[in-house]
Structure formats: C-alpha cells, structure tokens
Amino acid sequence: MNAFMKKVYEIVSRIPKGKVATYGQIAALCGNPRAARVVGWAMRHAPEHLALPCHRVVNQSGRLAPDDVFGGQHIQREMLLQEGIPFRENGCIDIKKCLWIPGQSDRMVP
DNA sequence: CGCGTGACGTCTC
DNA sequence: CGAGACGCCACGC
C-alpha cells in the first residue's frame, strides 16, 4: 500500500453524500491524473473495513461499475438513487449535475 | 526486471 | 452513441 493508494482511499472516503467523483478526478487529486486505472484497481481491492462509498465513484461518462462488482449495477443504482443522484434514462448518472467539487464539500447552493 | 491485467480517459471511425 | 485502439500506472507472477 503506497502513498497513492492511501490517498485514493482517503479522498474517496471524503466524497459527500449526494455527490459523485470520477476515477480520473480522484487520480488527479492524488497527484497522478493518468492513474485513473489504478483508482479502479484500488476500488476493487479496497479493504472492507474502510467502508468506502465506492458506489459514488464512476467513470467520466457517468457509467457504473460492471455487473460482477456490486452484484449487479442495479445495486449501485439503488444506492445512488437513495442519495439523490439523478439518473438518466440510459442507466448512466447525470455526472455534470452531481459531480463532487473538492472544497465545496457539503455546501449547497440554492 | 519483463509481461499481463484492469471499476479509466481520450481520440477516431 | 457504440466499438476499437493507444496510453497510463500499480500489482502479481
């Protein structure tokens, strides 16, 4: 477990409810904008005791994880829906409307 | 140290 | 918008 992975877990754990982050975004926050794949790898091998909100992490297109990860995309979709994440009709989330911007955190603007 | 792998990202067609 | 190709980086062997 190197510093990068550690930061990945730390950042993911800071994603506020109702917001989502992209792999590339997390990788960039860790200092490696091109390590998006590693972020995905980190999620797959994430220690359970960290209780990471990995369902709030999606790719740039707003696509969810493959079916064999959460036990089906519908599981992840349900969790996101409960948090108020808007979904599109094609099964992807509206990434532009719920993207997490570090610093804004939980500050909501009416 | 090289090679294969992957929950990615961007570009083309 | 879907599919393919290429680059990228950490990990396991």
Side-chain angles (χ1 to χ4, degrees):
Chain A
M1 176 92 52
N2 58 12
F4 180 80
M5 306 275 294
K6 193 173 180 180
K7 261 195 164 184
V8 171
Y9 295 137
E10 182 179 317
I11 293 175
V12 172
S13 65
R14 287 180 179 172
I15 302 176
K17 176 183 174 184
K19 293 288 179 178
V20 298
T22 68
Y23 298 95
Q25 180 182 12
I26 295 171
L29 290 173
C30 292
N32 294 333
R34 302 168 197 155
R37 305 194 63 146
V38 183
V39 177
W41 186 94
M43 291 299 97
R44 197 146 191 35
H45 288 262
E48 294 184 13
H49 63 84
L50 291 178
L52 296 176
C54 40
H55 54 275
R56 300 192 189 127
V57 184
V58 296
N59 61 17
Q60 194 62 16
S61 306
R63 203 76 172 140
L64 303 183
D67 294 340
D68 58 307
V69 180
F70 284 93
Q73 292 187 343
H74 63 101
I75 300 295
Q76 188 175 7
R77 191 179 86 257
E78 287 288 321
M79 291 190 292
L80 291 173
L81 279 174
Q82 287 186 15
E83 298 186 353
I85 305 295
F87 266 79
R88 299 188 65 183
E89 295 183 3
N90 54 351
C92 301
I93 70 177
D94 203 331
I95 187 69
K96 295 180 180 178
K97 290 186 178 180
C98 57
L99 180 64
W100 173 50
I101 301 172
Q104 302 276 315
S105 290
D106 49 339
R107 173 177 297 188
M108 293 298 188
V109 225

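Below, read A as the first sequence line, B as the second, and so on, with proteins coming before strands; counting in each chain starts at 1. Source: prediction; values computed, not measured.
- For residues 69-88 of chain A, every residue pair satisfying the side-chain hydrogen bond (donor to acceptor under 3.5 Å, both in side chains) rule, not counting sequence neighbours, is listed here: A/His55-A/Glu83, A/Arg56-A/Glu83.
- Of all the heavy atoms in A/Ala27 and A/Ala35, the pair that sits closest is CB-C, 3.7 Å.
- For residues 36-47 of chain A, the pairs satisfying salt bridge (charged side-chain N to carboxylate O under 4.0 Å, His left out) are A/Arg44-A/Asp68, with sequence neighbours left out.
- Contacts of residues 79-96 of chain A with DNA chain C (heavy atom under 4.0 Å): none.
- Cluster annotation: A/Val20 is connected to A/Phe87 through the hydrophobic network of ILVMFWY side chains, with a link wherever side-chain heavy atoms come within less than 4.5 Å.
- First and last contacting nucleotides of DNA chain B toward chain A (any atom under 4.0 angstrom from a heavy atom, 5' to 3' order): B/dG6 to B/dT10.
- Within residues 55-67 of chain A, the residues approached by DNA chain B to less than 4.0 Å at the level of any non-hydrogen atom are A/Asn59, A/Gln60, A/Ala65, A/Pro66, in residue-number order.
- Among residue pairs with one or both ends in residues 4-33 of chain A, none qualify as ring-ring contact (aromatic ring centres under 6.0 Å, His included); sequence neighbours excluded.
- Remark: A/Lys97 engages A/Pro86, A/Asp94 in a side chain to side chain contact (heavy atoms under 4.5 Å, CB included) (not counting sequence neighbours).
- Secondary-structure annotation of DNA chain C gives the stems B:2-6 with C:9-13, B:8-13 with C:2-7, with a stem taken as at least 3 successive Watson-Crick or G-U pairs whose two distances both fall under 3.5 Å.
- Only A/Asn32, A/Arg34, A/Ala35, A/Arg37, A/Val38, A/Trp41, listed by number, bring a heavy atom of residues 32-50 of chain A to less than 4.0 angstrom from any atom of DNA chain C.
- Under a hydrophobic clustering in which Ile, Leu, Val, Met, Phe, Trp and Tyr are joined whenever their side-chain heavy atoms come within less than 4.5 Å, directly or via other members, A/Leu29 and A/Met43 fall into the same cluster.
- Placement of A/Leu64 and A/Ile95 within a single hydrophobic cluster is found when ILVMFWY residues are connected by side-chain heavy-atom separations under 4.5 Å, directly or transitively.
- Atom CD of residue A/Glu10 and atom CD1 of residue A/Ile26 lie 12.0 Å apart, to the nearest 0.5 angstrom.
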Handout entry: Stepwise side chain to side chain contact (heavy atoms under 4.5 Å, CB included) check, A/Ser13 with A/Leu50
Key = CA-CA 8 Å; A/Ser13 65; A/Leu50 291 178; over 6 Å; no

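- Every residue two or more places apart in sequence or in another chain that forms a ring-ring contact (aromatic ring centres under 6.0 Å, His included) with A/His45 is listed here: A/Trp41.
- When the salt bridge (Lys or Arg N to Asp or Glu O under 4.0 Å) test is applied to A/Arg63, no partner is found at least two apart in sequence or on another chain.
- Following chains of ILVMFWY side-chain contacts shorter than 4.5 Å, one cannot reach A/Leu80 starting from A/Ile75, and the two form parts of different hydrophobic clusters.
- Closest approach of A/Ala21 to A/Leu99, counting heavy atoms only: CA-CD1, 4.2 Å.
- Protein chain A touches strand DNA chain C; the 5'-most and 3'-most nucleotides with an atom under 4.0 angstrom of its non-hydrogen atoms are C/dG7 to C/dC11.
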